[in-house]
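Notes to accompany the following structure.
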Amino acid sequence: MKKKSNFLLIVSFTLLGLQACKDDNDDYIPPVIKGSKVIAMGASYQNTVFFKLSTEKESSVPVSTWDLAFESQGGTAVRSNIARKGGVYATTSTDFSAVTTVPTSAIAYDDPSGDLSKTAVGAWQDNGTSKNLVYVLYRGNNPPSSATPIGYKKFQLLGYANGKYTIRHADLDGSNEKTDEITTNTDKNFTFFSFDEGIVEFEPDKKQWDIAFTCVTVRGGGPNSYVISPSVVSNRYSDVEVAVDNPGATLTASDDPAAPINTFESSNSNFSTIVLSQIGSYSFSNDAMSIGRDWHQILQPHASGIYKVYDWKTYIVKDTDGNYFKLKMTAFKNLTTGEVGYPSFEYEQLQ
Amino acid sequence: MKIKGTILPYYILLVWYIVLSLPLYCYAQTTRDSLKSKSSSKSAQIDKGQLDEVVIVGQYMPTTVDSSLYNIKLINNTTIQRRGAVSLPDVLNQELNARIVNDNVMGSTILLQGISGQNVKILLDGVPMVGGAGDDLDLSQFNLNNIDRIEIVQGPLSVQYGTNALAGTINMVSKQLPQGKYGAGINTLGETVGQYNIDAFAGASIGQFNLRINGGFNQFEGYSTPANRSGTPYDNRSFNWNPKEQYFGNIRLDRSFGKMKVGLSHNHFHEDNHSIGAPDAGTQFLTASDYDYVSKRHNTVLYANGQLANHAYIDILNSYQYFNRDSRTYVTNVENNSRNFIENANTLFRSYVSRASYSKSNQEQRLAYQLGYELNLNAVSGDRIALDAGHINDFGLYGSVQVKMLKNLEIQPALRYAWNNKYDTKAINFLGSQLPLISSLNLKYEPLQKLVIRASYAKGFRAPSLRELYYDFRNANHYIIGNTALTPELADNFIVSADYKIQVNTEGVLSISPYAYINDIDDKIELVEQDRATLPPEYQQINVVRTYANIPHFKTRGINLNIGYRHLNNLNVNIGGGLLQRSGSNSLNNYFNSWEATATASYWLQALKTNANIYYKYNGDLAQFGLADGILVDKTLHDYHFLDASFSHSFLLDALSLTAGVKNILNVTDVVQTGDGKDSLAPRAGTRTSIPMSWGRSAFIRLAYSFTKK
């Protein structure tokens, strides 16, 4: 290089090149989506963000604070943490110490719809008495978008009485065995439990959130495969219901960038015209996945990480207090870093 | 980084002004020398055919194309000039059995005899080039400004060059300093698509020392087909041919000791490649992800070669090569073009090569031989490569014997002993003996004075790359890992060819050259779906599970026919056609056909003292096949035609040469691919509906000036 620099022409051309180079990193001015609220789930989907529409109150809690959630409104459903791909292997054994390996049976995940009759743990009682079945919990990945497993735990639900669950749990090899009593918090839909920390705070009080931004575990494209998918789940346990205004309802889902659904113009949206008097014409659902994950679609080639946001879909949300809001998703990525996990949305109370 | 594209043409004009005014005094000096060579200047205009041109790749000592035991295709400097070629793909795209496939991240890669670029050894003055975005080299990073000629050997040269020399070997030979006291030159090329190339050299001989320095700059402003941008709303910025700037330089110093030369050469290459993203659908098209790919290649070679006493020839080289590729990610606000640096992913290749050969060959004796060794120390590090990848080291000892059986029959058996630190070379299993020996047998027979028949068998092999062994990419949805149990790809290659010349009257020579080849590859390494049941339970539900595996069998075979006609010294016509068939375990042994044709013609217009040239290549449908859930699917790249034409003229007694022409007259851009297959000819292209093949019709003008003082 030293010799080369002797060569006048090359030097001058290099200088030209250098002068033409201008590193303009420092003065980045991010664009703004007017009127949109940005939710920071994080690039590795590490947070669940609860949101109350009427007060705009947002609370962000790390996904990895809990393993199991216990129904606290009278029922006895037990949920596992599908936000980080936690799943359950049900064994037929009632002998806690006999289960020492990951069962060869298929893993089950909670149904993302939030239907408590479709949890991975399922009906653990028979006429109010525990079946004492041993479950093996795959605790999921930390962070959720990684392939870094947290590990396994086995547990037995020994009983539920007077708002108290009794759970016996241990590592697969039997170490760290413990029996915990979980006193449910009736201010909440669920009481959250961590094998490491005991009872933890996760969800706001039951009427203090309408929708939550979180991942759910759903079927993937490969055989018997599951993926985590960033979603908006509604608080069905506190009467939140959602209707969808979908001008592209006839379009077939596709990840082909040229498919009609992916070239459908934003201007088809009815968001600006929907008024309160119209709500009777919509059918509302209490499915927690009514907004769900169909507002975004990764496009081919998947490696490029381009997510299309279907901002022409309008969601009409009846909140925990019976107010109606219209809402549309506007973006999925961070406008400064380009990372996924930053959904933004625009909403308005219906008048 | 932004370069104002419009500056450069003015700059070139300025430089030309300086250059043309400065050496007026040289003109008088060079006139005398040029006059001397005037008698030969016409023959320099005419491509005399290449049979008496010198080649070195795989040879005992520099020899002529005609007398080589191998079928060597030579692309000489005249062709490079006339085609307005800037980088290696620009000339290779004319070759039979060769395809260039492009991608805006991976660059330009080659497919030779139906086998992908990892199996093609790319040499610069005998030094194997390493590094790239994947395992394939980006051939567009090899600028031809300092290249005198390109030697192409199809079929394995694994005995001589070891791993990767399976489908073929391409050796770029650097320009040497013209004989004389000193010389210098400048060469510029402008192409209407927005490509500008300028380079210059200077050299001198002082006593026994020779010094040559050259350097240059290439700018490409980027090109996007309308189809590329139509995929994304509001896209007025993305390219499928990335804008880039390349800087290159070379210094070579050698000293003669009798017929030996000992020297030092250093090459430097730097490329800034700007991948401009389409507006991101995930941010309401307000931002885009942009990437700067910055590649640096340094290569230092210490060499000694030449004739010893007693008809012995020695060729020694030691080289250290460094290739670094940064992939810098930015988020850009597409409204104000400000951008935010996010991260840099880096890949570093380092390679040390030592090779030497000793050859003894005497025309009067029946026996000649060559002995040599090659040591290759390679290291790769970077993102998504497992930490334990470390080094891959390769050592080979080779030897061959040339026997003149009869007056017109030559046979050359050759063997290489191979050792590698990452896999058991015994898998090569020479003749079932469990020995790590690679063999070849070449035969040249001249039953008539005008007929040469060549036949060869060669074992080729390709070692698993560090990426194939140690790739490691895991997240919630992906589990793609290398496979340390891979064995080398092994190929048996057979080639038969003939060259027959017929004198037509006294004015013309007609040549007919049939050529046939078979490549049988065992254990070809492919990225395949992995059985989830073999994974730990926590990974069994992962969506995308891939690993590298040896697939049992892959086969390519083909026939070519070339017919050439040369009339006096003013017309040279060549037409050729070929059929390629590909098959393998992943095609359930079905054959996929692909046709090719080439035609080139050059004509010397005496009245205008100008050479007119036409280059044509037809590339037929080409399928990439694979299995999806056990069912054969293929993705077929449709056919396309390349046609170039140019005129070349020399002024000032050959000191100044002008070439003007049009590349890609038929305006080929993206070529459609159809079918269900996900496997692709180019990395990352499996899901695309088209592959960029060229940037469309483009006129070029090349102006070169050089002088030599004897």
Side-chain angles (χ1 to χ4, degrees), chain A residues 1 3-4 6-7 9-10 13-14 16-17 20-25 27-31 33 85 87 102 107 138 141 144-149 220-228 257-258 262-263 265 296 299-301 303 305-309 311 330-338 340, chain B residues 1-4 7 11 15 186 198 200 202 213 215-217 231-233 245 247 249-251 266 268 272 278 280-284 286-287 289 329-331 333-342 474-479 529 532 537-545 684 686-689:
Chain A
M1 280 312 289
K3 295 264 167 63
K4 187 183 127 187
N6 291 337
F7 199 49
L9 285 172
I10 298 310
F13 270 93
T14 308
L16 171 77
C21 300
K22 184 171 162 282
D23 233 339
D24 41 9
N25 293 345
D27 48 10
Y28 181 64
I29 307 157
I33 304 176
K85 215 177 177 180
V102 178
I107 192 169
Y138 174 59
N141 298 323
S145 68
S146 73
T148 315
N224 296 319
S225 70
Y226 289 86
V227 298
I228 56 159
N262 294 319
T263 55
E265 297 277 341
H296 61 74
L299 301 180
Q300 289 285 5
I306 299 297
Y307 289 82
K308 178 88 182 165
V309 175
D311 55 3
T330 52
F332 182 56
K333 287 185 172 177
N334 186 308
L335 294 169
T336 301
T337 62
V340 295
Chain B
M1 173 148 66
K2 278 171 242 159
I3 288 222
K4 304 231 169 9
I7 294 177
Y11 210 83
V15 172
I186 181 164
I198 180 162
I213 302 170
F217 171 68
T232 309
E245 301 91 44
Y247 308 83
N250 168 265
I251 177 161
H266 177 78
H268 182 82
D272 290 322
D280 193 330
T283 59
Q284 279 209 334
L286 294 171
T287 69
S289 290
T329 310
Y330 298 86
V331 169
N333 179 340
V334 299
E335 286 168 342
N336 61 22
N337 270 323
S338 66
R339 63 184 200 169
N340 191 23
F341 173 73
I342 303 297
R474 301 174 206 202
N475 67 16
N477 298 338
H478 296 85
Y479 189 84
E529 182 123 337
R532 288 173 172 74
E538 52 268 38
Y539 296 123
Q540 288 181 7
Q541 287 79 41
I542 273 186
N543 201 23
V544 181
V545 178
R684 312 184 335 120
T687 57
R688 296 189 181 170
T689 52

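Lettering follows sequence order; numbering is per chain, from 1. Worth knowing before you read on, the calculation uses all heavy atoms, side chains too, and leaves out hydrogens, waters and symmetry mates.
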Task: A:S146 portion near chain B, given a 4.5 angstrom heavy-atom threshold - done: backbone
Task: Nearest non-hydrogen partners of B:T283 and A:L335, listed with the distance - done: CB-CD2, 3.5 Å
- [ ] Examine whether an atom of B:I342 lies under 4.5 Å from a heavy atom of chain A, and if so say whether it belongs to the side chain, the backbone or both; otherwise answer neither.
- [x] side chain
Task: Set of salt bridge (charged side-chain N to carboxylate O under 4.0 Å, His left out) partners for B:D280, sequence neighbours left out - done: A:K333
Task: Side chain / backbone / both / neither for A:V227 at chain B, heavy atoms under 4.5 Å - done: both
TODO: Measure across A:S225 and B:I542 and return the closest heavy-atom pair with its distance rounded to 0.1 Å.
DONE: CB-O, 3.4 Å
Task: Exercise: identify the closest heavy-atom pair between B:P233 and A:K308 - done: CG-NZ, 4.4 Å
- [ ] Could you tell me which residues satisfy side chain to side chain contact (heavy atoms under 4.5 Å, CB included) with B:N336, sequence neighbours excluded, listed by chain and number?
- [x] A:I29, B:N333, B:S338
Open item on the list: Counting heavy-atom pairs under 4.5 Å with chain B, which one of A:L299, A:T330, A:I228, A:N141 comes out on top?
Closed with: A:T330
Open item on the list: Which atoms of A:N334 are under 4.5 Å from chain B, going by heavy atoms: the side chain, the backbone, both sets, or neither?
Closed with: backbone
TODO: Measure distances from A:Y226 to the heavy atoms of chain B and classify the residue's part below 4.5 Å as side chain, backbone, both or neither.
DONE: both
TODO: Quick one: closest heavy-atom pair of B:R474 and A:A147, and the distance?
DONE: CB-CB, 3.7 Å
Task: Taking every non-hydrogen atom, the tightest pair across A:I33 and B:Q284 - done: CG2-OE1, 3.4 Å
- [ ] Mind ranking A:G338, A:P149, A:P257 by heavy-atom pairs under 4.5 Å with chain B and telling me who comes out on top?
- [x] A:P149
Open item on the list: Applying side chain to side chain contact (heavy atoms under 4.5 Å, CB included) to A:Q300 and B:T689, what does each step give before you reach the verdict?
Closed with: CA-CA 11 Å; A:Q300 289 285 5; B:T689 52; over 6 Å; no
Task: Residue B:Y539 versus chain A: region with a heavy atom under 4.5 Å - done: side chain
